[in-house]
Amino acid sequence: MVCRVLKGLLVDFAGVLTDPDAGRFYDYLLAARERGVRTALLSNAPGASDEVKNTMFDYFDALVFSGEVGVAKPDPAVYLIAAERLGLPATRCAFVDDSAANIRGAVETGMVGVHHRSVEETLTELGALFPEP
């Protein structure tokens, strides 16, 4: 078994960060960044206002919107763009989404896929993937 240390976390917006319990997820993102985990928002949205982007930079090192990069999930190219913006290879990243098809696209690039069903389950899985030192 090959053990790889994950350094990047890519997160979908709709369905994950819009979850009723998403405040806990935002807290996790802040703590993960403090521990050196690089984070990216990866959304199939056309883009976001500067105001929204400025707010998101509190939680994310990179913001990738499909409408701005010209490719959308589940196309593997969009995950590679997000990983590149984090300065990491895809194989050092995990991707969280509520869509199984989108997770498959990420896994095709070598990322670890996390299927979001609830904040509690996702945070438990991320705790195993990104253990605290």
Side-chain angles (χ1 to χ4, degrees):
M1 181 171 121
V2 175
C3 180
R4 60 179 158 156
V5 177
L6 297 178
K7 294 289 187 185
L9 177 59
L10 288 67
V11 181
D12 174 48
F13 183 75
V16 177
L17 295 177
T18 58
D19 189 292
D21 202 15
R24 291 181 56 217
F25 203 101
Y26 281 103
D27 291 343
Y28 175 83
L29 290 168
L30 290 173
R33 286 183 80 196
E34 287 177 9
R35 293 192 333 265
V37 176
R38 309 266 306 149
T39 60
L41 176 69
L42 177 53
S43 172
N44 274 353
S49 69
D50 288 340
E51 181 180 341
V52 168
K53 287 181 181 180
N54 287 337
T55 300
M56 286 292 149
F57 276 123
D58 290 342
Y59 303 95
F60 298 101
D61 298 293
L63 304 175
V64 179
F65 295 98
S66 293
E68 294 177 357
V69 297
V71 63
K73 298 177 289 184
D75 187 320
V78 77
Y79 307 97
L80 295 174
I81 290 168
E84 181 180 307
R85 290 193 180 175
L86 292 180
L88 296 168
T91 56
R92 300 289 299 276
C93 297
F95 173 67
V96 178
D97 200 308
D98 61 320
S99 162
N102 290 345
I103 292 167
R104 282 191 296 275
V107 169
E108 284 181 36
T109 71
M111 291 184 183
V112 174
V114 177
H115 193 173
H116 177 79
R117 292 177 185 87
S118 73
V119 170
E120 185 68 34
E121 285 181 38
T122 298
L123 292 180
T124 298
E125 192 163 347
L126 291 177
L129 292 171
F130 297 91
E132 293 189 39

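Side chains included, hydrogens not; waters and symmetry mates left out as well; all remaining heavy atoms used.
Side-chain atoms of Lys73 come within 3.5 Å of backbone atoms of Leu42 as a donor-acceptor pair (strictly under, hydrogens ignored). Proximity of a side-chain donor or acceptor of Arg33 to a complementary backbone N or O of Asp58 within less than 3.5 Å is detected. Without hydrogens or angle criteria, Ser43 side chain to Asp12 main chain gives no donor-acceptor distance under 3.5 Å. Looking at His115, its side chain never comes within 3.5 Å of a backbone N or O of Asp97 through a donor-acceptor pair. For Asp61 (side chain) and Thr39 (main-chain N/O), a donor-acceptor pair under 3.5 Å exists by modelled atom type. For Arg38 (side chain) and Leu86 (main-chain N/O), a donor-acceptor pair under 3.5 Å exists by modelled atom type. In this structure, the side chain of Ser66 does not engage the main chain of Ala45 through any donor-acceptor pair within 3.5 Å. A distance-only check finds a donor-acceptor pair linking the side chain of Thr109 to the backbone of Ala106 [under 3.5 Å]. Proximity of a side-chain donor or acceptor of Arg24 to a complementary backbone N or O of Leu123 within less than 3.5 Å is not detected.
The minimum heavy-atom distance between Ala14 and Asp98, with the atom names listed, is O-OD1, 3.4 Å. A pairwise comparison of heavy atoms in Gly47 and Glu68 identifies CA-OE2, 3.6 Å as the closest pair. Scanning both residues, Phe57 and Phe60, for their nearest heavy atoms gives CD2-O, 3.3 Å. A pairwise comparison of heavy atoms in Leu6 and Ala94 identifies CD1-CB, 4.1 Å as the closest pair. Closest approach of Met111 to Ala90, counting heavy atoms only: CG-O, 3.3 Å. Shown here for Pro89 and Ala83, the closest heavy-atom pair between the two residues is C-CB, 4.3 Å.
Note that OG1 of Thr122 and CG of Asp19 are 8.0 Å apart. Values are rounded to the nearest 0.5 Å. Put simply, CG on Leu10 and CG on Asn102 are 12.0 Å apart, with the number rounded to the nearest 0.5 Å. Note that the NZ atom of Lys53 and the CG atom of Leu63 stand 7.0 Å from one another [nearest 0.5 Å].
Residues satisfying the side chain to side chain contact (heavy atoms under 4.5 Å, CB included) test with Thr124, not counting sequence neighbours, are Glu120. Residues forming a ring-ring contact (aromatic ring centres under 6.0 Å, His included) with Tyr26 (at least two apart in sequence, or on another chain): Tyr59.
Using a 4.5 Å heavy-atom cutoff, the side chains of Phe65 and Leu41 are in contact. In this structure, the side chains of Ile81 and Arg85 come closer than 4.5 Å at one or more pairs of heavy atoms. A 4.5 Å side-chain heavy-atom check between Phe25 and Leu126 finds at least one atom pair inside the cut-off.
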Exercise. Does the side-chain contact (heavy atoms from CB on, under 4.5 Å) test come out yes or no for Tyr28 and Leu9, once each step is laid out?
Worked result: CA-CA 11 Å; Tyr28 175 83; Leu9 177 59; 3.9 Å; yes

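Under the 4.5 Å side-chain heavy-atom criterion for Ile, Leu, Val, Met, Phe, Trp and Tyr, Leu80 and Val64 are members of distinct hydrophobic clusters. Hydrophobic clustering (ILVMFWY, side-chain heavy atoms < 4.5 Å, transitive): Val119 and Val16 are in one cluster. Hydrophobic clustering, with ILVMFWY side chains joined whenever heavy atoms are under 4.5 angstrom apart, groups Val96 together with Phe13.
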